[in-house]
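Heads up, the thing below is written out as structure tokens.
Each ligand, and each atom within it, is numbered from 1 in the order the structure gives. For the single chain, residues carry numbers from 1 onward in sequence order.
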Amino acid sequence: MSEMTSEFLGTANRGFAQQAQEEIRRLFGQDVKTKWVVPNEVFSFVLELPREEVVRRLQEQEPVFLRHIMPVERAIAWGGTTEEAVRELTSYLAGEPAERISGRTVAVQLRKGEGSVLPGFSLPEMKAAAEELFTREYHAEPVVRGSQLVLSVLGTDAALYFGLSRPEDNLSDWPGGAVRFRREDGQISRAKFKLLEAEAAFGLDLSAYRSALDIGAAPGGWTSLLLERGLEVTAVDPAKLDASLLRHPRLTYLPKKADQVKLGEGSFDLLVCDMSWSHRQMARLVNGLLYSLQSGGTAIITVKLMHRKAFQTIREVVEDLSPQLDLQRAKQLFHNREELTLFFIKK
Ligand SMILES: C[S@@+](CC[C@H](N)C(=O)[O-])C[C@H]1O[C@@H](n2cnc3c(N)ncnc32)[C@H](O)[C@@H]1O
């Protein structure tokens, strides 16, 4: 591949890769060639542009659905064994200038394509072998996070893909953008991970806020995170909050529907909403409570999507909320599944 052409693998949440491809077409023009690598989830795309230019444009206008990219520096058909993968990796790295790797910190990020069988391929063995190779041949230091360099490897039944890049050039520094949080003992809901991921993805520090309104709060995963971060929390939901939260001194629980509560004007500097409602209904309910968010305050809102109307849904919800909220970022997070998360600032 010439310097002027670059190939990547793009990954999106299962079922939203077509939207991710559409984002690439809109950004780079209609004639982008894409090919499925893992149906509905991972695809390759080739652009007649230098790699740095592609990365720069994607960073400038971050896509909503494209979760992760890795450069394809080598792609081979293979028999699907660890030994073969290590041999190919050794030969690929040997073809790269040693100074690209020598003395750097490297994160080895390996993935198997979903649905690929690969009985002769072990991710832990491959990882150990790759890390040993980096240490022995390049005096590079294997690390998990915060590395200078990432080696991305994807193995499918059909092919093996390798690429080296800087973590910030992959859109996410997690393998394939699959953000993993440790599940805690007594964790109230998996939904908590959505707010944790939003905090990181939008560069927020939840502990910097004073007082939050949580609309559609039950069973209480988001509320529990906000309480852990030290905020006063008003939780609104006709459904029950987890019993472990009810006596918390900084919690006010209003067991009502969103359109039945009365709140103080400008009482909150953070509003979060994770109601699984149709987007227009949700926007109507949120609009009705925005008087309680102070000007300059933050709103983090989950929006339910229908696959075929994803872009239209975003347009409509942003428009419905636009009299009072300015959109900062929109991102389909790994923990969103069939939703996406919006980050706004109140006007
Ligand atoms: C996906 S759950 C929220 C999960 C929550 N974020 C967590 O971390 O545990 C959606 C919640 O929205 C609530 N809900 C639905 N309609 C509502 C309304 N009109 N007003 C307030 N809450 C509502 C439901 O009762 C449900 O508990």
Side-chain angles (χ1 to χ4, degrees), residues 13 15 179-202 204 206-207 209 211-248 250-264 267-268 270-293 297-306 313 317 320-321 324-325 330-344:
N13 283 7
V179 181
R180 305 285 176 191
F181 296 114
R182 188 160 302 156
R183 208 182 159 94
E184 302 149 357
D185 290 342
Q187 185 171 320
I188 293 166
S189 69
R190 283 192 59 83
K192 182 178 184 180
F193 292 150
K194 279 193 274 184
L195 189 55
L196 267 173
E197 191 182 345
E199 182 183 32
F202 299 142
L204 301 171
L206 292 177
S207 64
Y209 296 90
S211 181
L213 173 65
D214 185 354
I215 311 171
W222 287 28
T223 287
S224 72
L225 177 62
L226 296 169
L227 290 169
E228 279 163 34
R229 292 281 198 266
L231 282 76
E232 304 270 341
V233 181
T234 297
V236 177
D237 200 312
K240 279 211 176 83
L241 274 198
D242 192 88
S244 64
L245 297 174
L246 292 178
R247 274 198 224 115
H248 197 290
R250 277 184 278 105
L251 174 71
T252 305
Y253 171 35
L254 305 176
K256 291 186 173 166
K257 289 189 175 176
D259 55 1
Q260 292 170 344
V261 291
K262 285 231 150 39
L263 304 161
S267 311
F268 306 103
L270 177 65
L271 178 152
V272 298
C273 174
D274 185 32
M275 275 186 301
S276 2
W277 265 88
S278 83
H279 63 287
R280 295 216 109 134
Q281 296 263 38
M282 179 277 292
R284 188 179 57 78
L285 292 171
V286 170
N287 262 329
L289 291 179
L290 276 173
Y291 65 89
S292 68
L293 181 64
T298 294
I300 300 172
I301 297 175
T302 312
V303 178
K304 208 167 154 180
L305 291 175
M306 281 186 294
T313 303
V317 75
D320 287 355
L321 294 169
Q324 300 189 74
L325 295 179
K331 192 79 202 164
Q332 186 170 53
L333 306 171
F334 175 67
H335 290 96
N336 271 144
R337 295 164 194 242
E338 312 223 322
E339 307 162 332
L340 67 85
T341 301
L342 302 176
F343 159 34
F344 295 94

Do any nitrogen or oxygen atoms of [X] come within less than 3.5 Å of a nitrogen or oxygen of ligand 1?
| X | result |
| --- | --- |
| Trp222 | yes |
| Gly221 | yes |
| Lys257 | no |
| Gly220 | yes |
| Lys192 | no |
| Ala258 | yes |

Please list the nearest protein heavy atom to [atom] with its residue and the distance rounded to 0.1 Å.
| atom | answer |
| --- | --- |
| atom 12 (O) of ligand 1 | Gly216 CA, 3.4 Å |
| atom 15 (C) of ligand 1 | Trp277 NE1, 3.2 Å |
| atom 25 (O) of ligand 1 | Asp237 OD1, 2.8 Å |
| atom 4 (C) of ligand 1 | Ala218 O, 3.2 Å |

Worksheet item: Where is the tightest heavy-atom contact between Lys192 and Gly221, given as atom of each residue plus distance?
Response: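 What the structure gives for the nearest pair is CG-O, 3.7 Å.
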Practice prompt. Might you point out which heavy atoms bring Leu342 and Ala330 nearest each other, and give the distance in Å?
Written response: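 Shortest heavy-atom contact: CD2-CB, 3.4 Å.
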Fill in: Heavy-atom side-chain contact between Leu270 and Leu213 under 4.5 Å
no
Worksheet entry | Heavy-atom side-chain proximity of Arg190 to His335 below 4.5 angstrom |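 They are in contact (side-chain heavy atoms under 4.5 Å apart), so the answer is yes.
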Fill in: Candidate with minimal heavy-atom separation from atom 6 (N) of ligand 1, of Asp274, Leu245, Val261
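Nearest option to atom 6 (N) of ligand 1, by heavy atoms: Asp274.
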Fill in: Of the listed options Gln281, Met275, Gln260, Lys240, closest to atom 18 (C) of ligand 1 (non-hydrogen atoms)
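Answer by nearest heavy atom: Met275.
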Worksheet item: Is there a donor-acceptor contact under 3.5 Å linking the side chains of Thr341 and Asn336?
Response: yes
Worksheet item: Salt bridge between Asp320 and Arg280, side-chain N to carboxylate O under 4.0 Å?
Response: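 A salt bridge is present here (some side-chain N lies under 4.0 Å from a carboxylate O).
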Discussion item. Check this for me: does any side-chain nitrogen of one of Glu199 and Arg229 sit under 4.0 Å from a carboxylate oxygen of the other?
Written reply: yes
Any sub-3.5 Å donor-acceptor pair from [X]'s side-chain atoms to [Y]'s backbone N or O?
| X | Y | result |
| --- | --- | --- |
| Asn13 | Leu333 | yes |
| Tyr291 | Leu263 | yes |
| Gln332 | Arg337 | yes |

Interfacing atoms of ligand 1 (cut-off 4.0 Å, heavy-atom, [X]):
| X | answer |
| --- | --- |
| Leu285 | 19 (N) |
| Ala239 | 25 (O) |
| Ala191 | 7 (C), 8 (O) |

Item to complete: Evaluate the criterion salt bridge (Lys or Arg N to Asp or Glu O under 4.0 Å) for residue pair Arg250 and Glu228; output intermediate values, then yes/no.
Response: CA-CA 10 Å; Arg250 277 184 278 105; Glu228 279 163 34; over 6 Å; no
Discussion item. For Ile215, state whether at least one heavy atom is located under 4.0 Å from any atom of ligand 1.
Written reply: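 In this structure, Ile215 fails to qualify as a contact of ligand 1 - no heavy atom is under 4.0 Å.
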Worksheet item: With backbone taken as N, CA, C and O and side chain as the heavy atoms from C-beta onward, which portion of Ser189 lies under 4.0 Å from ligand 1: side chain, backbone, both, or neither?
Response: side chain
Response to the item:
Contact region, Asp259 to ligand 1, non-hydrogen atoms below 4.0 Å, reads neither
